[in-house]
Amino acid sequence: MKPLQNDRFLKALLRQPVDMTPVWMMRQAGRYLPEYRATRQQAGDFMSLCQAPDLACEVTLQPLERFELDAAILFSDILTIPDAMGLGLYFETGEGPKFRKPVATAADVEALPIPNPEDELKYVIDAVRVIRHELNGRVPLIGFSGSPWTLATYMVEGSSTKDFRKIKGMMYSQPEVLHALLDKLADSVISYLNAQIAAGAQAVQIFDTWGGVLTPEAYQAFSLHYMQKIVKGLVRESEGRKVPVILFTKNGGQYLELIAETGADAAGLDWTTDIGDARRRVGDKVALQGNLDPCVLYAQPEQIREQVGVVLEKFGPGPGHVFNLGHGIHPQVNPDHAKAMIDAVHELSAKYHA
């Protein structure tokens, strides 16, 4: 593998000095880019795009052709593991993901296999290999997975949900069944992320999209506990350098201190947490990633630049900050506005690293 030409993202995650704050965006390969929409149309549907390594590579690299990003993130979906467990994932236009065979009983959990990443999920691991080759050392590649709790939410509900009725019903009435499911998912995520790292992922992120809907006690027992198990099970060095791990719990700013104790290298923040307060709370335990409100990108470039400046100023001088949105970029955003944000991060952050 060719040496990295730009490693400031990896250095920032390890709180090492950098020349400027690195930046990438969650969902940076996605529907806001016309070239992505064209490739998705060519693939036929979303899962066909995910399952074609060459096309997944193409859309992973598209934002890097437009913007001076400091990392690429594997193009895939968080629900690949439940799909590989045989639950029958499909997408209905405008309705999000659905499963033909939701998980409802202890017998359902018992019947679930732990997928072999080089078999049922080979298309993802092949995509990692192709992307690493095509990146040719430009920037690091991020691999990822959903958290066990977040995956379980879709698997038990059978689709997206607003009230979490089924999963929370299981949590309170059959906690042992849910714990068995989460344990199996944690084992699956460990082998999946380790396969991504072996194939060339240079950092990994765990997306805990729904951890923030839990009570503090339930968050620790049903979400954080299993993410900590994953962190402990991951290969943390590859190709002669450390592989950083980022944990991102949406709406989880109140749990920062707990996240910082998991052994992860960085905590992702959504836009509802003040990044300056967050830095004071965790000190030098973890790097912080975030956390511009994605809706700022609907504003004009001058306002975007101003708001980028606010986030950078709140974090303050020194290493340990990866700039990102507080969640994924919205499909309706003008790509020129994303460029305005990325350029502003690089221009305005240099003084904090002098």
Side-chain angles (χ1 to χ4, degrees), residues 12-13 15 24-27 73 78-79 142 144-157 160-164 167-168 171-172 178-179 181-182 185-186 189 193 203-232 234 244-296 311 314-315 320-330:
L13 289 176
R15 303 184 313 285
W24 69 281
M25 294 182 293
M26 290 183 268
R27 297 202 195 116
I73 182 165
I78 63 167
L79 297 179
I142 307 166
F144 73 91
S145 172
S147 72
W149 165 257
T150 293
L151 299 180
T153 295
Y154 289 99
M155 292 165 74
V156 173
E157 295 287 341
S160 301
T161 178
K162 286 191 168 68
D163 59 11
F164 302 90
I167 185 88
K168 285 193 173 184
M171 181 177 79
Y172 289 117
L178 184 52
H179 278 303
L181 173 58
L182 293 167
L185 283 167
V189 171
L193 288 179
V204 292
Q205 175 156 316
I206 299 168
F207 284 88
D208 187 31
T209 311
W210 299 123
V213 305
L214 293 165
T215 66
E217 296 78 16
Y219 174 73
Q220 290 186 61
F222 292 93
S223 182
L224 191 71
H225 171 76
Y226 294 98
M227 291 196 289
Q228 187 156 20
K229 177 180 174 174
I230 293 165
V231 171
K232 285 183 175 152
L234 290 180
V245 180
I246 309 159
L247 294 192
F248 173 59
T249 294
K250 189 177 176 221
N251 294 323
Q254 65 272 41
Y255 306 126
L256 255 182
E257 290 86 351
L258 296 171
I259 291 167
E261 296 292 342
T262 59
D265 299 285
L269 300 173
D270 71 15
W271 64 94
T272 62
T273 297
D274 183 294
I275 198 166
D277 287 346
R279 190 179 187 188
R280 285 185 285 276
R281 285 164 57 193
V282 299
D284 60 1
K285 277 205 172 118
V286 289
L288 295 173
Q289 179 175 276
N291 65 339
L292 190 72
D293 182 346
C295 289
V296 168
V311 174
K314 283 189 169 183
F315 184 86
H321 183 202
V322 171
F323 199 100
N324 207 316
L325 299 172
H327 200 238
I329 185 169
H330 297 313

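Scanning all heavy atoms of the two residues, the minimum distance from Ala278 to Thr273 falls at CB-CG2, 4.1 Å. In plain terms, the two heavy atoms of Ile78 and Tyr154 that are nearest each other are CD1-CE1, 4.1 Å. When all heavy atoms are compared, the tightest approach of Ile167 to Ala152 is CD1-O, 3.6 Å. Summarising the geometry of Leu247 relative to Ala264, their closest heavy-atom pair is CG-CB, 3.8 Å, with the distance given to 0.1 Å. In terms of heavy-atom proximity, Ala266 sits nearest to Val286 at CA-CB, 4.1 Å. Heavy-atom minimum distance, Ile259 versus Thr262: O-OG1, 2.7 Å.
The side-chain heavy atoms of Lys250 and Phe207, taken from C-beta on, include no pair separated by under 4.5 Å. Gln254 has its side chain out of reach of Tyr219: every pair of non-hydrogen atoms, C-beta onward, lies at least 4.5 Å apart. For the pair Ile246 and Ile206, the minimum side-chain heavy-atom distance is 4.5 Å or more. Gln289 places a side-chain heavy atom less than 4.5 Å from the side chain of Trp24. With a 4.5 Å cut-off on side-chain heavy atoms, Gln228 and Glu261 do not count as touching.
A donor atom on one side chain and an acceptor atom on the other are not found under 3.5 Å apart for Thr150 and Thr153. Using modelled atom types and a 3.5 Å distance limit, the side chains of Thr249 and Asn251 yield no donor-acceptor pair.
No close placement of the Tyr226 and Trp149 rings is indicated, their centers lying 6.0 Å or farther apart.
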**Item:** Leu234 and Val245: CA distance, side-chain angles, deciding distance, side chain to side chain contact (heavy atoms under 4.5 Å, CB included) verdict
**Value:** CA-CA 9 Å; Leu234 290 180; Val245 180; 3.8 Å; yes

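Checking Thr272, Asp270, Val311 one by one against Asn291, the side-chain contact (heavy atoms from CB on, under 4.5 Å) holds for a single residue, Val311.
Atom NZ in Lys168 sits 9.5 Å away from atom OG1 in Thr161 (nearest 0.5 Å).
Counting only distance, with no hydrogens or angles, the side chain of Lys232 and the backbone of Gly263 share no donor-acceptor pair below 3.5 Å. Formation of a donor-acceptor pair under 3.5 Å by the Asp293 side chain with backbone atoms of Gly326 is not found in this model.
Shown here is Lys229, whose NZ atom has more than 12 heavy atoms of other residues, nucleotides or ligands within 6.0 Å.
Salt-bridge formation is not detected for the pair Glu257/Lys285: no Lys NZ or Arg NE/NH1/NH2 atom is positioned less than 4.0 Å from an Asp or Glu carboxylate oxygen.
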